[in-house]
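This report refers to the structure that appears directly beneath it.
Atom set for the values below is all heavy atoms of this structure, side chains included, hydrogens, waters and symmetry mates excluded.
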Amino acid sequence: QVQLMESGGGLVKSGGSLRLSCAASTARVSFGAMSWYRQAPDKEREFVAAIVGGGIVRYGDSVEGRFTISRENAKNTWHLTMNSLTPEDTAVYYCKGRGPGDRDYWGQGTQVTVSS
């Protein structure tokens, strides 16, 4: 059973940066599409960023210009670099990957808290 796990979350001051990572439980699989979502307290889950195909990337409006998604060559690990963080970025961040069987796999989330 393939599992994804996020890492790199934590507490950061406003204006700071964090780098999140998502890694599969085995290096024997790869993912054709990789993405990040987030869910703030009392809000719906929100699309953050995705990288697909030959490296095409897209971002949600709220993070455009501040966040960067990237992947490693093996396509079983990907990252979200977050800059100029504000308290509005506080949320649980989830990674998602299109993997074996053409199904989506989700991580369990990592908390990002941005203080004023």
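Ring pair F67/Y93 is tilted by interplanar angle, where 30° to 60° counts as tilted. In this pair, F47 and Y37 present their aromatic rings perpendicular. The plane angle is above 60°, beyond the 30 to 60° band.
In terms of heavy-atom proximity, L18 sits nearest to L85 at N-CD1, 3.9 Å. The two residues T90 and P41 have their closest heavy-atom pair at O-CD, 4.2 Å.
A cation-pi contact links R45 to Y94, judged by a cut-off of 6.0 Å to the six-membered ring centre and 45° from its axis.
Within the structure, disulfide bond (SG atoms under 2.5 Å apart) contacts touching residues 76-116 (residues at least two apart or in different chains) are C22-C95. Under the side chain to side chain donor-acceptor pair (under 3.5 Å) criterion, the residue pairs touching residues 15-30 are S17-N83, R19-H79, S21-H79, with sequence neighbours excluded. Counting only residues at least two apart or in different chains, side chain to side chain donor-acceptor pair (under 3.5 Å) contacts with residues 49-70 comprise R38-S62, E46-S62, R66-D89.
Heavy-atom neighbours of E72 CD from other residues, nucleotides or ligands within 6.0 Å: above the threshold of 12.
The backbone N or O of A24 lies less than 3.5 Å from no partner atom in the side chain of Q3, so there is not a single donor-acceptor pair. Remark: side-chain polar atoms of Q39 are not paired, donor with acceptor, to backbone N or O of E44 under 3.5 angstrom.
Looking only at side-chain heavy atoms (C-beta outward), T113 and V12 stay at 4.5 Å or farther from each other.
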